[in-house]
K.L.:
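Could you have a look at this structure, given as structure tokens, before my questions?
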Amino acid sequence: MFSKRFAVQLQSCVRQFCTTKCLTANAQAFEYPSVSSKLVKELQGIVGQSNVSTAEAVREQHGHDESYHKSSPPELVVFAENVEHVSHVAKLCNNNNIPLIPFGTGTGLEGGINAIKGGVCLDLNKMNNILAVNQEDFDCTVEAGVSRQTLNSYLRDTGLVFPIDPGADASLCGMCATSASGTNAVRYGTMRENVLNLEVVLPDGRVFDTAGKGRRTKKTSAGYNLTNLFVGSEGTLGIITKATLRLYGIPECTASAVCSFPSVKNAVDTTVNILQCGIQMARIEFLDEVAIDAFNKYSKYDMKVAPSLFMEFTGNEGTLAKQVDLVSEIVNMNEGSDFKWAEEAEEKNRLWKARHDIVYACMALQPGSKPYSTDVCVPISRLPDVIVRSKELIDAAGIIGFTLGHVGDGNFHNLFLINDDMPDQKAKAIKLSKQIAKIAQELDGTCTGEHGIGLGKKELLLREIGEEGLEIMKQVKSTFDPNNIMNPGKVFV
Ligand SMILES: Cc1cc2c(cc1C)N(C[C@H](O)[C@H](O)[C@H](O)COP(=O)(O)OP(=O)(O)OC[C@H]1O[C@@H](n3cnc4c(N)ncnc43)[C@H](O)[C@@H]1O)c1[nH]c(=O)[nH]c(=O)c1N2
Ligand SMILES: CC(C)C(=O)C(=O)O
Ligand SMILES: [Mn+2]
């Protein structure tokens, strides 16, 4: 009679001979074994008893992110303190076909950490060292648990900043995993453009540096771009344990302004005109009238309740003044008005914090709700069309929806409030989100500019990249994770 261990190993060998199709098919139907008490002991042997928790509250806290997806707690949570822990835990889970879900700070919006197939949640927050800051080279290296605000506080006296700024204080490696972005992307790009190297642990325990050990050049053409293969992988290929990131000098002068418009189209046309004039803006964010109303109430402002643009200009005295003149002309051409300026650091920080808090501002209007946000991105010339159509659809559906976001990148959000005790509103929001994503895809755009696919956009990914593209993604996945233990059930249908 086979021993249990041999049976599991045999199963793993059989699976590895499966083709991707068969593997993936099995993965959906495949019933993962649960975590045995023997395995719990082995995990405790690796990380220490205090770093393994089966407590319900801890599992619950690791069973959901900030999305509306139903919580699915893992069977247990393991806290890793170093890359050796990560490597041994991964290998053990891999040998036992146990799902492994990397956890950053749980601020994801797509159900990326929900343990829908059970297994182990690997919390990386104890790996919180800032390992290097190379001021003269404008780069730094951080461990998985360092958050973006922790890094920027550490950098405060250096005159350097890491500019990618999702609204939450997310872990930087989580931001790598979701290919995050934020209000500064107009000027600095997204995570894709700002990661120089990653240390990654594969499910079989191998540890490798995606650009080669110690590499930290702004550009490279040495072999495949493995770094950007892991940026946006959402925990489905491996665990990111270190990130080497680009840093930037803080601009000499910045000025921020808000102006309002008679219609959404006027505001978005202004954005397109500014970008097509080649004006190098630092930020251009859009908030529609309902978002402005929530913004005012939550952050105690008195902005005109109308479609508005939040803009930031950077440069030196001369260039800044020129930018402002040019932009003011374009704003006036599109009937913009009510310019409100913020020039003092404190005023600017308050204004952009209020922008970052917009999700909470909207949620405050319907206490107990969870946010559900579209995240489409289109070529800039298509932006007015998709934004106006999305708002028309929301108005016709008769539910509350806030339209806002990073129009400077062609990326915006329709934000809905989901309450489980309002099922019809939830159904309408989900239906609208799919409709808007499909409109964006028809306009040569994508269903997700920055939040990722996670649990809710798997069909949209298939629609976007097609059968062939998805098969190739699955082949890549099965190369790195032949047992499909890495965050199973996410990204792929
Ligand atoms: C109020 C508010 C506002 C915003 C946002 C959230 C909230 C709550 N976000 C979304 C979120 O902050 C963003 O997706 C972060 O990148 C998530 O980072 P966490 O560390 O929280 O990842 P979290 O722990 O939520 O995990 C997210 C995914 O990454 C994987 N993962 C995490 N750490 C990993 C690691 N070390 N290795 C491998 N996989 C890992 C997880 O398995 C999961 O699939 C956002 N986003 C954005 O791009 N732009 C924005 O403007 C905003 N705005
Ligand atoms: C809608 C939220 C989550 C966001 O991405 C933003 O505020 O830009
Ligand atoms: Mn956003």
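Every number for a ligand or one of its atoms is a count from 1 in the order of the listing. All values below come from the heavy atoms of this structure, side chains included, with hydrogens, waters and symmetry mates left out.
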K.L.:
Do any heavy atoms of E110 fall under 4.0 Å from ligand 1?
P.N.:
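The answer is no, since E110 has no heavy atom less than 4.0 Å from ligand 1.
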
K.L.:
With distance as the sole test, does K428 use its side chain to make a donor-acceptor pair with the main-chain N or O of A397 at under 3.5 Å?
P.N.:
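Yes: the side chain of K428 pairs with the backbone of A397.
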
K.L.:
Would a 4.5 Å heavy-atom cut-off, applied to side chains only, mark M303 and L351 as touching?
P.N.:
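Of all side-chain heavy-atom pairs linking L351 with M303, at least one is under 4.5 Å.
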
K.L.:
Tell me: protein heavy atom nearest atom 2 (C) of ligand 2, and distance?
P.N.:
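Answer, as residue, atom name and distance: V359 CG2, 3.3 Å.
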
K.L.:
I need the atoms of ligand 2 closer than 4.0 Å to a non-hydrogen atom of H413, numbered in the order shown.
P.N.:
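The list of qualifying atoms is 1 (C), 4 (C), 5 (O), 6 (C), 8 (O).
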
K.L.:
I'd like to know if the Mn ion (ligand 3) has an N/O/S atom from H451 within less than 2.8 Å of it, counting both backbone and side-chain atoms.
P.N.:
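Not a single backbone or side-chain N, O or S atom of H451 is under 2.8 Å from the Mn ion (ligand 3).
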
K.L.:
Cut-off 3.5 Å, side chains only: do D139 and T244 have a donor facing an acceptor?
P.N.:
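No - no donor-acceptor pair under 3.5 Å links their side chains.
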
K.L.:
More than 12 heavy atoms of other residues, nucleotides or ligands under 6.0 Å from NZ of K91: is that the case?
P.N.:
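No, NZ of K91 has 12 or fewer neighbouring heavy atoms, counting only those of other groups under 6.0 Å.
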
K.L.:
Students often mix this up, so state it plainly: with edges at 30° and 60°, are the rings of F480 and F208 parallel, tilted or perpendicular?
P.N.:
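The rings of F480 and F208 lie parallel, inter-plane angle below 30°.
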
K.L.:
Looking at ligand 2, does H406 have a heavy atom less than 4.0 Å from it?
P.N.:
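In this structure, H406 qualifies as a contact of ligand 2 - some heavy atom is under 4.0 Å.
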
K.L.:
Just jot down the ligand 2 atoms closer than 4.0 angstrom to any heavy atom of E450, in number order.
P.N.:
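Taking each heavy atom of E450 in turn, ligand 2 has 5 (O) under 4.0 Å.
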
K.L.:
Judged by modelled atom types alone, do H356 and E285 share a side-chain donor-acceptor pair under 3.5 Å?
P.N.:
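Distance-only check fails for H356 and E285.
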
K.L.:
Please state which protein non-hydrogen atom is closest to atom 3 (C) of ligand 2 and give its distance, to 0.1 Å?
P.N.:
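For atom 3 (C) of ligand 2, the nearest protein heavy atom comes out as L109 CD1, 3.2 Å.
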
K.L.:
Which ligand 2 atoms, with their elements, are less than 4.0 angstrom from a heavy-atom of I358?
P.N.:
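In order of numbering, the contacting atoms are 7 (O).
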
K.L.:
Looking at ligand 2, does any of its N/O atoms fall within less than 3.5 Å of an N/O of S373?
P.N.:
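By distance alone, the answer is no.
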
K.L.:
Which residue and non-hydrogen atom of the protein lie closest to atom 7 (O) of ligand 2, and at what distance in Å?
P.N.:
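Its nearest protein heavy-atom neighbour is R355 NH1, 2.9 Å.
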
K.L.:
Given the Mn ion (ligand 3) as the apex, I'd like the angle to NE2 of H406 and OE2 of E450, rounded to 10 degrees.
P.N.:
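NE2 of H406, the Mn ion (ligand 3) and OE2 of E450 span an angle of about 100°.
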
K.L.:
Is there a heavy atom of H356 sitting under 4.0 angstrom from any atom of ligand 2?
P.N.:
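Contact absent.
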
K.L.:
Should the pair H69 and Y372 be assigned to parallel (<30°), tilted (30 to 60°) or perpendicular (>60°) ring geometry?
P.N.:
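H69 and Y372: perpendicular rings.
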
